[in-house]
A.B. asks: 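This is the structure, below, for whatever I ask next.
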Amino acid sequence: MLTVAGSDSGGGAGIQADLKTMLALGTHGMSVVTAVTAQNSLGVQGAWELPAEAVRAQYRSVVDDIGVQAVKTGMLSSPELVECVAELLANTAAPIVIDPVGVSKHGDSLLAASALDSVRTKLLPTATVATPNLDEVAQLTGVHVETEDGMRRAAAAMLAYGPRWVVIKGGHLRSSSASGGPGSDLAGSVEAVDLLTDGSEEHWLRAPRHDNRHTHGTGCTLASAIAAQLAKGQSVPEAVRAAKEYVTGAIAAGFALGGGIGPVDHGWRFRSSAGMDSPGTDSPRMDPARTDSPRTDSPPMDSPAKS
């Protein structure tokens, strides 16, 4: 497993979240650092981009010797980095998960406006799966989502840029309907709803919405979890469902670090199986993620591999 992303000094997002997720799901994580950030639970205090040649050298060092079974990308802050990484991915024969990181959980910009066109035309066409949140959808396509039908429009707009599949993450939606459903109003939801589609198949993924502010790194974690499951040979729908279940548990557990927004608990399964509470939180344990798909039954939850 290879993550191509920025470093989060607070350990909640970026390559740190990616590597923790990869380990928790039984895979070996490797990294290409694209930027170094100074950040904590309160926000991003600084960011320093690495030169494209440093990113290229890291990537070639890993891929040419060790090889990869899946790649996940995160923070690529400039057109130069986006185009460098897109070129590398275009020549990599492995599933690729693109998380088009635009803004941090605290509202800090992590992608230059000048890089948006490169993301659309160079990076997204390499994706097996793209995983934008609603802010990133608006940034890339101009589509502002307020209903589940709006998620369909957002998915169509994203697929037009070339990814094979897209997950429109509806975590920012608030639905007044417990059951939701396409066309529902989205204010005050008890569910977190995502849409996975390739333009022909639709999979609506639903899970309990947990009232926990410690959600730093959810996007990185979901993308890495999808990539981990793809590396283990699952289909895209299977991988996304398993990843959502893992992330739902990590959000439910939470990890109360610092004075602001703490990260999700990447090790919740280990603590749960040992009968331990997550550090610094009294949040309830995860309710199993529920999916609503007309085509496929949900697979059982994967346990971390033993080897």
A.B. asks: I'd like to check Ser9 versus Asn40 (side-chain heavy atoms, cut-off strictly below 4.5 Å). Are they in contact?
C.D. replies: no
A.B. asks: Step by step, would you call Arg269 with Leu25 a side-chain contact (heavy atoms from CB on, under 4.5 Å)?
C.D. replies: CA-CA 10 Å; Arg269 281 184 178 167; Leu25 295 178; 3.5 Å; yes
A.B. asks: Short question: side chain of Arg209, backbone of Glu191 - any donor-acceptor pair under 3.5 Å?
C.D. replies: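 At least one qualifying donor-acceptor pair exists.
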A.B. asks: May I ask you to test the Val85-Leu89 pair for a side-chain heavy-atom distance under 4.5 Å?
C.D. replies: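 When only atoms from C-beta onward are counted, Leu89 and Val85 do touch, with a gap below 4.5 Å.
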A.B. asks: State which residue, out of Asp18, Thr131, Asp99, fulfils the side-chain hydrogen bond (donor to acceptor under 3.5 Å, both in side chains) condition with Ser224.
C.D. replies: Asp18
A.B. asks: I'd like to know if the side chain of Thr128 reaches the main chain of Pro95, judged simply by a donor and an acceptor atom lying under 3.5 Å from each other, with no hydrogens or angles considered.
C.D. replies: no
A.B. asks: For residues Gln229 and Arg241, determine if any side-chain heavy atom of one lies less than 4.5 Å from a side-chain heavy atom of the other.
C.D. replies: no
A.B. asks: Of all the heavy-atom pairs spanning Ala70 and Ala94, show the shortest one and how long it is.
C.D. replies: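 Closest approach of Ala70 to Ala94, heavy atoms only: N-CB, 4.1 Å.
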A.B. asks: Let me know which of Leu196, Val137, Asn133, Val143 forms a side chain to side chain contact (heavy atoms under 4.5 Å, CB included) with Ile168.
C.D. replies: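 Result: among Leu196, Val137, Asn133, Val143, Val137 is the only option passing the side chain to side chain contact (heavy atoms under 4.5 Å, CB included) with Ile168.
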A.B. asks: Test side-chain contact (heavy atoms from CB on, under 4.5 Å) on Glu148 and Leu195; report intermediate values, then the result.
C.D. replies: CA-CA 9 Å; Glu148 289 186 17; Leu195 170 61; over 6 Å; no
A.B. asks: In the structure I gave you, are the side-chain heavy atoms of Tyr59 and Val71 within less than 4.5 Å of one another anywhere?
C.D. replies: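 Yes. Closest side-chain heavy atoms under 4.5 Å.
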A.B. asks: Quick one: do Ile98 and Ile96 satisfy side-chain contact (heavy atoms from CB on, under 4.5 Å)? Show the steps, please.
C.D. replies: CA-CA 6 Å; Ile98 302 294; Ile96 295 165; 3.6 Å; yes
A.B. asks: Quick one: OG1 on Thr3 to NZ on Lys72, what's the gap to the nearest 0.5 Å?
C.D. replies: 4.5 Å
A.B. asks: Locate the shortest heavy-atom distance separating Leu159 from Gly199; write the atom from each residue and the value.
C.D. replies: CD1-N, 3.4 Å
A.B. asks: In Å and rounded to the nearest 0.5 Å, what is the CG to CZ distance from Asp265 to Phe270?
C.D. replies: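 Nearest 0.5 Å value for the CG-CZ distance: 10.5 Å.
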A.B. asks: Can you give me the closest heavy-atom contact between Met158 and Pro132, atom names plus distance?
C.D. replies: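 Closest heavy-atom pair between Met158 and Pro132: CE-CG, 3.8 Å.
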A.B. asks: Measuring only between side-chain heavy atoms, which start at C-beta, is Leu205 closer than 4.5 Å to Val193?
C.D. replies: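 Of all side-chain heavy-atom pairs linking Val193 with Leu205, none is under 4.5 Å.
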A.B. asks: Please give me the minimum heavy-atom distance between Ala115 and Ser78, naming the atom from each residue.
C.D. replies: CB-C, 3.7 Å
A.B. asks: On a heavy-atom basis, which atom in Ser7 and which in Gln39 lie closest, and how many Å separate them?
C.D. replies: O-NE2, 4.2 Å
A.B. asks: Is any side-chain heavy atom of Val236 closer than 4.5 Å to one of Leu230?
C.D. replies: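 Yes - at least one pair of side-chain heavy atoms lies under 4.5 Å apart.
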A.B. asks: Can a donor-acceptor pair be found between the side chains of Ser200 and Asp198 at a distance below 3.5 Å?
C.D. replies: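 On atom types as modelled, these side chains qualify, holding a pair under 3.5 Å.
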A.B. asks: Holding to salt bridge (charged side-chain N to carboxylate O under 4.0 Å, His left out), I want the full list of residues that pass it with Asp194, two or more places apart in sequence or in another chain.
C.D. replies: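 In terms of salt bridge (charged side-chain N to carboxylate O under 4.0 Å, His left out), with neighbours along the sequence ignored, Asp194 is linked to Lys244.
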A.B. asks: Can you find a side-chain donor-acceptor pair between Tyr161 and Thr141 that sits under 3.5 Å?
C.D. replies: no
A.B. asks: To the nearest 0.5 Å, how far apart are NZ in Lys169 and CE in Met151?
C.D. replies: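 Lys169 atom NZ to Met151 atom CE measures 11.0 Å (nearest 0.5 Å).
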A.B. asks: Measuring from atom CD1 of Ile226 to atom OG1 of Thr221, what distance do you get when rounded to the nearest 0.5 angstrom?
C.D. replies: 11.0 Å
A.B. asks: Mark yes or no for whether Trp268, through its side chain, and Tyr246, through its backbone, hold a donor-acceptor pair below 3.5 Å.
C.D. replies: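 Checked: pair present.
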A.B. asks: Does any non-hydrogen side-chain atom of Leu140 lie less than 4.5 Å from one of Pro100?
C.D. replies: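 They are in contact (side-chain heavy atoms under 4.5 Å apart), so the answer is yes.
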A.B. asks: Going by distance alone, is a donor N or O of one side chain under 3.5 Å from an acceptor N or O of the other, for Gln58 and Ser61?
C.D. replies: no
A.B. asks: What distance separates Ile15 CD1 from Met75 CE, expressed to the nearest 0.5 Å?
C.D. replies: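 Taking CD1 in Ile15 and CE in Met75, the distance rounds to 11.5 Å.
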A.B. asks: Take His203 and Thr197 through the test side-chain hydrogen bond (donor to acceptor under 3.5 Å, both in side chains) and record every step on the way to the result.
C.D. replies: CA-CA 6 Å; His203 302 267; Thr197 182; over 6 Å; no
A.B. asks: Which atom pair, heavy atoms only, marks the closest approach of Thr248 to Ala207?
C.D. replies: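 Heavy-atom minimum between the residues: OG1-CB, 3.4 Å.
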A.B. asks: State the CG-CE distance between Leu2 and Met30, to the nearest 0.5 angstrom.
C.D. replies: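 One finds 5.5 Å between CG of Leu2 and CE of Met30.
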A.B. asks: Does any non-hydrogen side-chain atom of Val129 lie less than 4.5 Å from one of Arg164?
C.D. replies: no
A.B. asks: Can a donor-acceptor pair be found, under 3.5 Å and without considering hydrogens, that links the side chain of Glu83 to the backbone of Glu80?
C.D. replies: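 Flag not set: sc Glu83 to bb Glu80 has no pair under 3.5 Å.
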A.B. asks: Hey, what else clusters with Met1 if you join Ile, Leu, Val, Met, Phe, Trp, Tyr whenever side-chain heavy atoms sit under 4.5 Å?
C.D. replies: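 Once heavy-atom contacts under 4.5 Å are chained together, Met1 belongs with Leu19, Met22.
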A.B. asks: Between Val82 and Leu76, is the side-chain contact (heavy atoms from CB on, under 4.5 Å) condition met? List the steps.
C.D. replies: CA-CA 6 Å; Val82 171; Leu76 303 173; 3.8 Å; yes
A.B. asks: Are Lys122 and Glu87 within salt-bridge range, i.e. N to O under 4.0 Å?
C.D. replies: no
